[in-house]
Amino acid sequence: MKAYSYDKSFELYDRANEVVPCGLYGHLGVGRARLNPMGCYPLFSERAEGTYIWDVDGNRFIDYACAYGPNALGYQDPDVDAAAMRQREKGNCTTVVSPVMIECAEKLVETINCADWAFFAKNGGDVTTLAVMTARHATGRKKIIMMEHGYHGVYQWCQKAGTPGVLDEEICNNLYVPFNDFEAIKKMVDDHPGEIAGILSMPYDHISHYDNVLPDEDYWPKVRKLCDEKGIVLIIDDVRAGFRMDLAGSDHYFGIKADLLTLGKAIANGWNMAALVGRKEMREAVEDMNYTGSYWLSAASVAAITKMKEINAVGIMQKTGEKLTRGLKQTADANGVKLSTTGLPSLFKIILKDPDESLIPHQVWVGEMVRRGVYISHFHNMFTNTVMTDEDLQYTFDVADEAFKIVTKKYPEILI
């Protein structure tokens, strides 16, 4: 297969670098060495449709990044986009909100197991912030237990010590424990009696750079019981995993009911929207607070959730993920290398293992995949959506096979 080139992308990067910090930032940040090895990734897209993106050089990619989560029904889903366009024709950002807010809240309360109410925002970080504020106000306590590798946004409160621009006093009430270690949580609670406002965690440890970790069968029930006993608010951050594991919420998937649950990304299939939902006991605390914005409603969410229910989107994405990860493992085995596939199939992590655990062969393998039209990240978990086909999967396996042959020739030490 012919490898792609990115002449126009890098011309645009030079132009962007004159007026944008790092030229690109965030997941695509060249300045933060995210795109390793350099030259393997497109930097600017031209258009997107279904499960594909096309870059400015005309290269097509099967997009397993799925916009890092929002693309669950396929780019430009006609039903979701039509609902958004109908609402925009009536009025988009207006002084007085549309009744669609009520419809969307009703849809979430009907769908999400722990939801007795819904509060809307624009970004995932907006609602994780509101969730922490709510827990503190509801309990009159300050401290939040978080997981060591958890990610809850870019606001100051959820950063780690030493992060540029973050003050020690902004994070001094954060307490950290390993995920899936109930005894560590219990000890932290015992060490800070009457001080813990909330426990904040993703439903499972879908962290960057490392294998994902699923919870032990009794982990979440024990955490739930502890929170009930100690008056602690249990917050599940479902911004990334929401609507991919269980339409009723990832807490429901693991057999519990959270007090607060944050949603974003797939909630509106790419339209800017997020939500905090929760149990009735948390409603009064939310009502007390002044928390608002200008761009926080979208009719797209009603259409997206309705369609996900109608077509059993979770089942489709899980089945596609099972086929994908199984086929990649078989392709790796045939090439004599070890490929780790962790997490749940609709929200999976793949890592090509090497004896030194340097991840350098993994980065090269991923880069060769991307250069042949299969867009995956070398550090982030990946996603499936409802419109990926068996032909897409077979092309992915063929590209993976060629990329394995390239990387084993360059790094023969990874052969088992």
Side-chain angles (χ1 to χ4, degrees), residues 66-73 77 80 83-84 100-135 150-155 158 198 200-204 206 233-254 256-280 282-283 286 291-293 295-309 313-314 317 344 346-347 381 383 385-386:
C66 289
Y68 293 94
N71 178 14
L73 294 171
D77 177 82
V80 175
V100 75
M101 178 190 73
I102 307 169
E103 185 180 356
C104 192
E106 290 171 340
K107 181 65 68 174
L108 286 171
V109 169
E110 167 193 301
T111 304
I112 304 297
N113 187 52
C114 73
D116 293 315
W117 50 265
F119 190 108
F120 299 109
K122 182 180 180 184
N123 300 304
D126 298 329
V127 289
T128 54
T129 300
L130 179 59
V132 168
M133 291 171 62
T134 301
Y151 176 79
H152 305 290
V154 297
Y155 295 153
C158 53
L200 170 63
S201 177
M202 298 182 291
Y204 72 89
H206 44 78
V233 177
L234 179 56
I235 309 166
I236 296 297
D237 181 354
D238 226 7
V239 169
R240 190 185 299 178
F243 304 105
R244 291 182 178 277
M245 298 161 56
D246 188 332
L247 288 184
S250 297
D251 59 335
H252 182 258
Y253 181 90
F254 288 117
I256 63 162
K257 182 181 284 190
D259 296 308
L260 297 170
L261 185 118
T262 64
L263 296 163
K265 292 188 182 290
I267 192 172
N269 203 54
W271 292 87
N272 295 125
M273 187 168 170
L276 176 68
V277 301
R279 301 169 80 164
K280 61 180 181 296
M282 294 290 106
R283 175 171 172 160
V286 175
Y291 203 78
T292 188
Y295 308 100
W296 287 7
L297 295 173
S298 175
S301 181
V302 177
I305 296 170
T306 298
K307 187 165 186 175
M308 284 190 280
K309 283 185 174 182
V314 169
M317 289 187 282
L344 291 173
S346 59
L347 187 75
N381 62 280
F383 305 82
N385 61 37
T386 62

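Residue Leu263 holds its CG atom at 8.0 Å from CD1 of Ile305, rounded to the nearest 0.5 Å. Residue Thr111 holds its OG1 atom at 3.0 Å from NZ of Lys309, rounded to the nearest 0.5 Å. Atom-to-atom distance recorded for Asp259:CG and Lys280:NZ is 11.0 Å, nearest 0.5 angstrom. For the atom pair Thr306 OG1 and Glu110 CD, the distance stands at 7.5 Å (nearest 0.5 Å).
The backbone N or O of His252 lies less than 3.5 Å from no partner atom in the side chain of Asn113, so there is not a single donor-acceptor pair. Side-chain atoms of Asp126 come within 3.5 Å of backbone atoms of Lys122 as a donor-acceptor pair (strictly under, hydrogens ignored). A donor-acceptor pair under 3.5 Å is formed between the side chain of Ser301 and the backbone N or O of Ile267. Within the 3.5 Å criterion, the main-chain N or O of Tyr68 finds a donor-acceptor partner in the side chain of Lys265.
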- Query: Can you list the steps and then say if Leu260 with Leu234 is a side-chain contact (heavy atoms from CB on, under 4.5 Å)?
  - Reply: CA-CA 6 Å; Leu260 297 170; Leu234 179 56; over 6 Å; no
- Evaluate side-chain contact (heavy atoms from CB on, under 4.5 Å) for Thr134 paired with Phe119, printing each intermediate quantity in order. CA-CA 12 Å; Thr134 301; Phe119 190 108; over 6 Å; no
- What's the verdict on side-chain contact (heavy atoms from CB on, under 4.5 Å) for Met308 and Val314, showing C-alpha distance, side-chain angles and the deciding distance? CA-CA 7 Å; Met308 284 190 280; Val314 169; over 6 Å; no
- Task: With side-chain contact (heavy atoms from CB on, under 4.5 Å) as the test, would you mind laying out the steps for Ser298 and Asn272 before giving the verdict?
- Result: CA-CA 7 Å; Ser298 175; Asn272 295 125; over 6 Å; no
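Pairing each heavy atom of Ala313 with each of Thr386, the nearest pair is CB-CG2, 3.7 Å. Between Ala131 and Leu276, the shortest heavy-atom contact is CB-CD1, 3.8 Å. When every heavy atom of Phe120 is checked against every heavy atom of Ala275, the shortest pair comes out as CD2-CB, 3.9 Å. Shortest non-hydrogen contact noted between Pro203 and Phe254 is O-CE1, 3.6 Å. Nearest heavy atom pair, residue Ala72 against residue Asn269, reads N-OD1, 3.1 Å. Across Val233 and Ala135, no two heavy atoms sit closer than the pair CB-CB, 3.8 Å.
For residues 235-244, the pairs satisfying side chain to side chain donor-acceptor pair (under 3.5 Å) are His152-Asp237, His206-Arg240, Asp237-Thr262, Asp238-Ser250, Arg240-Asn381, with sequence neighbours left out.
Residues Ile112 and Phe243 meet the side-chain proximity criterion, which asks for heavy atoms closer than 4.5 Å. Contact annotation: the side chain of Asp251 approaches that of Cys114 to within less than 4.5 Å [non-hydrogen atoms, C-beta and beyond]. By the 4.5 Å heavy-atom criterion applied to side chains, Tyr291 and Val286 are not counted as neighbours. Counting heavy atoms from C-beta outward, Asn71 and Phe383 have side chains that stay 4.5 Å or more apart.
The pair Arg279-Asp116 does not meet the salt-bridge criterion, since no charged nitrogen lies less than 4.0 angstrom from a carboxylate oxygen.
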